[in-house]
Chemist: 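Pasting in a structure now, in structure tokens, and then I'll have a few things to ask.
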There are 2 protein chains.
Amino acid sequence: MKETNQENELMICTKSDLSNKINKKWTMCIINILGVEEGKRFNEIKKDSMGNINSRTLSMRLKELQNEGIISREVKPKAPPEVRYILTEEGWALYEALQPLFNYLDKHNSNGSNQNN
Amino acid sequence: MKETNQENELMICTKSDLSNKINKKWTMCIINILGVEEGKRFNEIKKDSMGNINSRTLSMRLKELQNEGIISREVKPKAPPEVRYILTEEGWALYEALQPLFNYLDKHNSNGSNQNN
DNA sequence: CTGAATCCGCAACGATACTG
DNA sequence: CAGTATCGTTGCGGATTCAG
């Protein structure tokens with residue numbers, strides 16, 4: 001219910017808040033990629049994710065983000081079809097909201113970055 | 001490698017950045033709970049999570065956060081042992097970095113909050 | 001009370017191959 | 001290029017039990 005919490009504090013995140021919306025494995029990464037440079041294509045996003053995300057997962061995340069109104073899908077009907085993903089207005093708001101977090105992560109990953117998984 | 005990216009932009013999050021550090025199901029929720037009111041006990045955190053997190057997961061997340069230096073565990077050796085979890089300095093930095101995100105989520109969840117999962 | 005440990009089912013993720 | 005299909009693996013989540 002997310003009741004606005006009669007005790008003035010404890011604005012606790014429910015499952016739906018964090019888990020469903022952005023707390024999936026590549027969601028924030030994708031939003032970041034599309035925020036840094038808009039109009040990315042499917043395989044560009046893939047490449048920007050350090051090549052780690054696979055087609056299946058990327059496809060799923062993109063679809064979810066569309067349903068949530070975070071991104072929109074633009075298709076240019078050419079011979080080789082060209083699909084680009086861009087942030088919606090709400091998507092930009094989310095991207096902005098994520099900036100401090102990304103900054104934090106940048107700072108605290110100067111040391112060993114990727115050792116496991 | 002997280003190479004500081006010769007092309008001045010595209011500071012893309014690697015797996016280790018988001019996935020390992022905070023992008024696990026209850027991590028951000030726990031950080032939020034401990035940020036709103038420090039010195040929480042195990043079962044208090046559980047309750048604040050809307051009772052949805054279970055002991056096993058909470059235990060794992062708390063241990064991970066300790067290893068990452070986000071929280072510390074304070075034990076008061078009393079007859080009924082009292083254990084409290086508090087944010088470290090780094091934990092507070094992370095909590096602060098998460099505030100815009102929480103605000104965003106608050107705003108955009110005024111509508112249907114918890115239906116699934 | 002504060003956890004840790006075990007078992008198990010399920011959902012998410014990953015690798016690969018394949019289609020329009 | 002932009003995905004979809006299939007399948008294997010991993011990880012999470014719930015329930016329960018145990019220890020200090």
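The sequence lines fix the lettering, A, B, ..., with proteins before strands; numbering per chain opens at 1.
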Chemist: In whole Å, what is the span from the NZ atom of Lys40(B) to the C1' atom of dT2(C)?
Modeler: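 Atom NZ in Lys40(B) sits about 16 Å away from atom C1' in dT2(C).
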
Chemist: If the cut-off is 4.0 Å, is Lys25(A) near the phosphate of dG14(C), judged by side-chain N/O to OP1 or OP2?
Modeler: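 For dG14(C), OP1 or OP2 has a side-chain N or O of Lys25(A) closer than 4.0 Å.
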
Chemist: dG3(C) P sits how many Å from Ile30(B) CD1, rounded?
Modeler: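 The answer, rounded to whole Å, is 12 Å.
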
Chemist: Got Gln66(A) and Tyr85(A) here, is their nearest side-chain heavy-atom distance under 4.5 Å?
Modeler: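 Sidechains of Tyr85(A) and Gln66(A): in contact.
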
Chemist: Is Arg73(B) close to Phe42(B) at the side-chain level, that is, under 4.5 Å between some pair of heavy atoms?
Modeler: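 They are not in side-chain contact.
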
Chemist: How long is the line joining CG of Asn54(B) and C1' of dG11(D), in whole Å?
Modeler: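 It works out to 13 Å between those atoms.
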
Chemist: If the condition is side-chain contact (heavy atoms from CB on, under 4.5 Å), which residues does Glu44(B) pass it with, not counting sequence neighbours?
Modeler: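 So Glu44(B) forms a side-chain contact (heavy atoms from CB on, under 4.5 Å) with Lys40(B), Arg41(B), Arg84(B).
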
Chemist: dG3(C) C1' sits how many Å from Glu82(B) CD, rounded?
Modeler: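 Rounding to the nearest Å, CD of Glu82(B) and C1' of dG3(C) are 14 Å apart.
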
Chemist: Check Leu87(A) against Glu38(A) and note the closest heavy-atom contact, atom names and distance.
Modeler: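 Heavy-atom minimum between the residues: N-OE2, 2.9 Å.
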
Chemist: So if you build clusters from Ile, Leu, Val, Met, Phe, Trp, Tyr with side-chain heavy-atom gaps below 4.5 Å, do Val36(A) and Leu62(A) land together?
Modeler: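 Linked within one cluster.
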
Chemist: So, is Trp26(B) close to the dC12(D) phosphate, meaning a side-chain N or O under 4.0 Å from OP1 or OP2?
Modeler: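 For dC12(D), neither OP1 nor OP2 has a side-chain N or O of Trp26(B) closer than 4.0 Å.
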
Chemist: Report for the helix from dC1(C)-dG20(D) to dG20(C)-dC1(D): angle between first-end and last-end helix axes, five pairs each, rounded to 10 degrees.
Modeler: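 It works out to 40° between the end axes.
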
Chemist: Indicate whether OP1 or OP2 belonging to dG14(C) is found under 4.0 Å from a side-chain N or O atom of Thr57(A).
Modeler: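 The answer is yes; a side-chain N or O of Thr57(A) sits under 4.0 Å from OP1 or OP2.
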
Chemist: Among Leu58(A), Asp48(A), Ile45(A), which residue meets the side-chain contact (heavy atoms from CB on, under 4.5 Å) test with Ile53(A)?
Modeler: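 Looking at Leu58(A), Asp48(A), Ile45(A), the match for Ile53(A) under the side-chain contact (heavy atoms from CB on, under 4.5 Å) is Leu58(A).
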
Chemist: Taking N or O atoms only and anything under 3.5 Å, show me the protein contacts with nucleotides 4-10 of chain C, one pair per line.
Modeler:
from: dA4(C); atom 1: OP2; to: Ser59(B); atom 2: OG; distance (Å): 2.0

Chemist: Check residues 95-103 of chain B and write down every donor-acceptor pair under 3.5 Å in which the side-chain atom is one partner and the other belongs to a residue at least two apart or another chain.
Modeler:
from: Tyr95(B); atom 1: OH; to: Gln99(B); atom 2: NE2; distance (Å): 3.4
from: Gln99(B); atom 1: NE2; to: Tyr95(B); atom 2: O; distance (Å): 3.1

Chemist: Using a cut-off of less than 4.0 Å, is there contact between a side-chain N or O of Arg61(A) and OP1 or OP2 of dA12(C)?
Modeler: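 Checking Arg61(A) against dA12(C): no side-chain N or O falls below 4.0 Å of OP1 or OP2.
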
Chemist: Using whole Å, what does the distance between atom P of nucleotide dC1(C) and atom CD of Glu44(B) come to?
Modeler: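 In whole Å, dC1(C) P lies 12 Å from Glu44(B) CD.
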
Chemist: In whole angstroms, how far is the P atom of dA2(D) from the NZ atom of Lys46(A)?
Modeler: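 Going from Lys46(A) (NZ) to dA2(D) (P), I get 10 Å.
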
Chemist: I'd like to check the side-chain hydrogen bond (donor to acceptor under 3.5 Å, both in side chains) partners of Lys78(A); sequence neighbours left out, ordered by chain and number.
Modeler: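 Scan of Lys78(A) (side-chain hydrogen bond (donor to acceptor under 3.5 Å, both in side chains), adjacent residues dropped) gives Glu82(A).
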
Chemist: Could you check how far NZ of Lys76(A) sits from P of dA2(D), rounded to whole Å?
Modeler: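 In whole Å, dA2(D) P lies 11 Å from Lys76(A) NZ.
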
Chemist: Tell me the salt bridge (charged side-chain N to carboxylate O under 4.0 Å, His left out) pairs involving residues 53-62 of chain A, sequence neighbours left out?
Modeler: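 Every pair satisfying salt bridge (charged side-chain N to carboxylate O under 4.0 Å, His left out) with a residue in residues 53-62 of chain A: Arg61(A)-Glu64(A).
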
Chemist: Could you state the atom-to-atom distance from CG of Leu58(B) to C1' of dG14(D) in whole Å?
Modeler: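 Interatomic distance, CG of Leu58(B) to C1' of dG14(D): 14 Å.
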
